[in-house]
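Being a predicted model, the structure only gives us computed values, none of them experimental. Heavy atoms only: backbone and side chains are in, while hydrogens, waters and symmetry mates are out.
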Amino acid sequence: MTEVGELLGPEADLLDHRCSTIDKSALHLPGPDFVDRVVAGSDRPIPVLRNLQSIFNHGRLAGTGYLSILPVDQGIEHSAGASFAPNPIYFDPENIVKLAIEAGCNAVASTLGVLGAVGRKYAHKIPFLLKLNHNELLTYPNKYDQVLFSSVQQAANLGCAAVGATIYYGSAESSRQIREISEAFHFAHELGMVTVLWCYLRNSAFKKDGTDYHTAADLTNQANHLGVTIEADIVKQKQPETNGGFTAIGFGKTNPLVYEKLTSDHPIDLTRYQVVGCYMGRVGLINSGGSSGKNDLQAAIRTAVINKRAGGMGLIVGRKSFQRPMAEGVKLVNAIQDVYLDKSITVA
């Protein structure tokens with residue numbers, strides 16, 4: 001914890017924060033018995049429970065109830081050149097899977113092409129998570145829509161333990177995406193696979209007066225709530241950076257108590273409200289690592305500490321790890337995992 005405090009620098013007080021909004025006793029927290037304690041009472045088919053437990057039991061975080069997942073679908077989402085030019089070895093799908101294995105991740109999440117290219121060699125060595133839809137950026141002018149690139153049956157044929165998808169809540173295309181992914185998740189559960197949903201917001205009107213409310217705690221809480229409604233087993237969400245999206249933009253419905261009692265300005269309290277949107281933690285919240293920059297290690301440790309102390313289930317980190325030499329990427333992912341392995345870093 002001393003090393004984590006040093007890495008946090010001026011934000012080392014994140015380790016001492018006490019949450020006075022929603023008490024941790026109200027949450028279904030991650031732990032070694034999470035599947036038995038929380039998921040087993042749901043309607044999930046037995047093979048889903050088995051695959052979820054197999055993901056929890058893999059990698060350096062095995063047996064903790066926390067997750068560290070390597071996601072590499074940026075070749076489509078951000079273009080292959082923009083994503084892999086800093087480290088061209090990742091144009092080869094095998095190196096993506098190797099990074100996840102070397103870093104001791106619970107699973108590797110990627111595209112049909114990536115996982116299909118090396119499936120026979122690696123599907124039995126690390127749990128596969130097939131990302132079903134993507135936002136392709138070659139259309140000109142760019143459009144922002146999540147389109148199905150693969151099917152649930154193809155994921156099953158690959159031996160995947162899980163499928164993932166993105167819904168752009170708030171976008172003009174969200175209604176179609178909700179229907180598509182709800183049907184896909186239902187079929188995935190029938191075939192025994194875990195479902196992971198990227199619950200992202202997308203609407204130009206969510207930027208107002210110089211503030212980007214795509215990461216507002218109140219809006220992302222509702223996005224999470226919509227995601228768990230279509231039976232996502234795990235929700236991926238960007239960590240909140242602000243609040244009050246409903247009131248600032250002047251749409252939807254909210255309640256003053258959201259801002260007076262259920263949240264505060266503290267990043268741990270804001271992230272806790274995201275956990276609350278996931279049925280009080282019955283569905284695990286994993287936060288994204290964000291883009292790569294100058295202080296990636298410090299930023300990643302900060303995100304992990306906030307997520308863990310808020311009651312979240314882990315991190316899903318891509319660009320911060322693969323846009324650098326593999327040994328450095330492994331070291332960064334391991335540092336994130338160490339936050340979840342450190343028993344002195346507790347839920348606030």
Side-chain angles (χ1 to χ4, degrees), residues 1-27 29-31 59-61 64-70 103-105 211-212 215-217 220-221 236-244 259 261-276 278 281 284-321 323-324 327-348:
M1 188 156 149
T2 302
E3 183 179 354
V4 172
E6 291 174 355
L7 288 170
L8 290 172
E11 292 190 284
D13 58 353
L14 287 170
L15 297 168
D16 302 317
H17 176 69
R18 299 188 67 170
C19 184
S20 59
T21 55
I22 297 169
D23 192 80
K24 64 181 179 181
S25 63
L27 304 177
L29 295 171
R60 292 185 73 233
L61 297 183
T64 65
Y66 289 107
L67 296 174
S68 167
I69 299 173
L70 177 71
C105 292
T211 301
D212 187 349
T215 56
T220 51
N221 165 285
K236 179 191 176 189
Q237 183 59 266
K238 297 176 182 178
Q239 213 160 70
E241 298 176 1
T242 186
N243 202 4
Y259 314 101
K261 292 189 175 182
L262 302 186
T263 60
S264 78
D265 293 334
H266 198 280
I268 292 175
D269 295 343
L270 294 176
T271 305
R272 175 151 298 179
Y273 195 56
Q274 289 186 337
V275 175
V276 168
C278 297
L285 171 72
I286 54 176
N287 286 129
S288 55
S291 60
S292 182
K294 293 182 179 180
N295 300 308
D296 280 350
L297 179 58
Q298 181 182 11
I301 294 299
R302 179 186 186 273
T303 305
V305 168
I306 292 171
N307 173 271
K308 183 180 182 182
R309 301 213 69 219
M313 189 170 276
L315 253 58
I316 182 164
V317 175
R319 282 169 287 174
K320 280 182 167 59
S321 58
Q323 288 187 335
R324 52 179 20 91
E328 291 182 19
V330 168
K331 183 178 179 181
L332 185 140
V333 174
N334 287 168
I336 294 169
Q337 295 163 350
D338 288 344
V339 170
Y340 294 95
L341 291 170
D342 190 337
K343 294 183 180 179
S344 67
I345 301 175
T346 59
V347 179

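Residues Leu27 and Val275 form a side-chain contact, since some pair of their non-hydrogen atoms from C-beta on lies under 4.5 Å apart. Residues Pro267 and His17 form no side-chain contact, since every pair of their non-hydrogen atoms from C-beta on lies 4.5 Å or further apart. For the pair Val317/Ile336, a side-chain contact is recorded, criterion being any heavy-atom separation below 4.5 Å from C-beta on. Between Ser288 and Lys236 the shortest side-chain heavy-atom distance falls below 4.5 Å. Side-chain atoms of Leu14 and Arg309, non-hydrogen and from C-beta on, never get closer than 4.5 Å to each other. Contact of the Leu61 side chain with the Leu67 side chain is not registered, since no non-hydrogen atoms from C-beta on lie closer than 4.5 Å. Under the 4.5 Å side-chain criterion, counting only non-hydrogen atoms from C-beta, Glu11 is not in contact with Val305.
Side-chain atoms of Asn287 and Thr303 include no donor-acceptor pair closer than 3.5 Å. In this structure, a donor-acceptor pair under 3.5 Å is absent between the side chains of Thr220 and Gln237.
Summarising the geometry of Gly312 relative to Pro30, their closest heavy-atom pair is O-CG, 3.3 Å, with the distance given to 0.1 Å. Lys320 and Leu332 get closest at one heavy-atom pair: O-CD1, 3.9 Å. The two residues Ile268 and Ala348 make their nearest non-hydrogen contact at CG2-CB, 4.1 Å. The minimum heavy-atom distance linking Gly318 with Leu70 is given by the pair CA-CD1, 4.3 Å. Contact between Val333 and Ser321 at its shortest, heavy atoms only, is CG2-CB, 3.7 Å. Here the closest heavy-atom approach between residue Thr271 and residue Pro240 is recorded as OG1-CD, 3.5 Å.
Between Arg60 and Asp338, at least one side-chain nitrogen of the basic residue sits less than 4.0 Å from a carboxylate oxygen of the acidic one, meeting the salt-bridge criterion. The existence of a salt bridge linking Asp342 and Lys308 is excluded, since no basic side-chain nitrogen approaches an acidic carboxylate oxygen closer than 4.0 Å.
Atom-to-atom distance recorded for Ile69:CD1 and Cys105:SG is 8.5 Å, nearest 0.5 angstrom. Separation of atoms OG (Ser20) and NZ (Lys261) is listed at 12.0 Å; rounding is to 0.5 Å. For the atom pair Leu8 CG and Ile306 CD1, the distance stands at 8.5 Å (nearest 0.5 Å). Atom CG of Asn243 and atom CG of Asn221 lie 9.5 Å apart (nearest 0.5 Å). In this structure, CG in Leu285 is found 11.5 Å from CZ in Arg272, a value given to the nearest 0.5 Å. Separation of atoms CD1 (Ile22) and CG (Leu262) is listed at 4.5 Å; rounding is to 0.5 Å.
The residue from Val276, Asp269, Leu270 that alone fulfils the side-chain contact (heavy atoms from CB on, under 4.5 Å) condition with Thr263 is Leu270.
The side-chain hydrogen bond (donor to acceptor under 3.5 Å, both in side chains) check on Asn295 picks up nothing, with sequence neighbours excluded. Every residue meeting the ring pair (Phe, Tyr, Trp, His ring centres under 6.0 Å) condition with Tyr340, not counting sequence neighbours, appears here in chain and number order: Tyr66.
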Gln239 and Thr215: side chain to side chain contact (heavy atoms under 4.5 Å, CB included), yes or no, with the steps?
CA-CA 7 Å; Gln239 213 160 70; Thr215 56; over 6 Å; no
Run the numbers on Thr242 and Asp212 for side chain to side chain contact (heavy atoms under 4.5 Å, CB included), then give the verdict.
CA-CA 8 Å; Thr242 186; Asp212 187 349; over 6 Å; no
Run the side chain to side chain contact (heavy atoms under 4.5 Å, CB included) test on Ile301 and Val4 for me, step by step, so that the C-alpha distance in whole Å, both residues' side-chain angles and the decisive distance to 0.1 Å come before the verdict.
CA-CA 7 Å; Ile301 294 299; Val4 172; 3.9 Å; yes
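Other residues, nucleotides and ligands contribute more than 12 heavy atoms inside 6.0 Å of the CG atom of Asp13.
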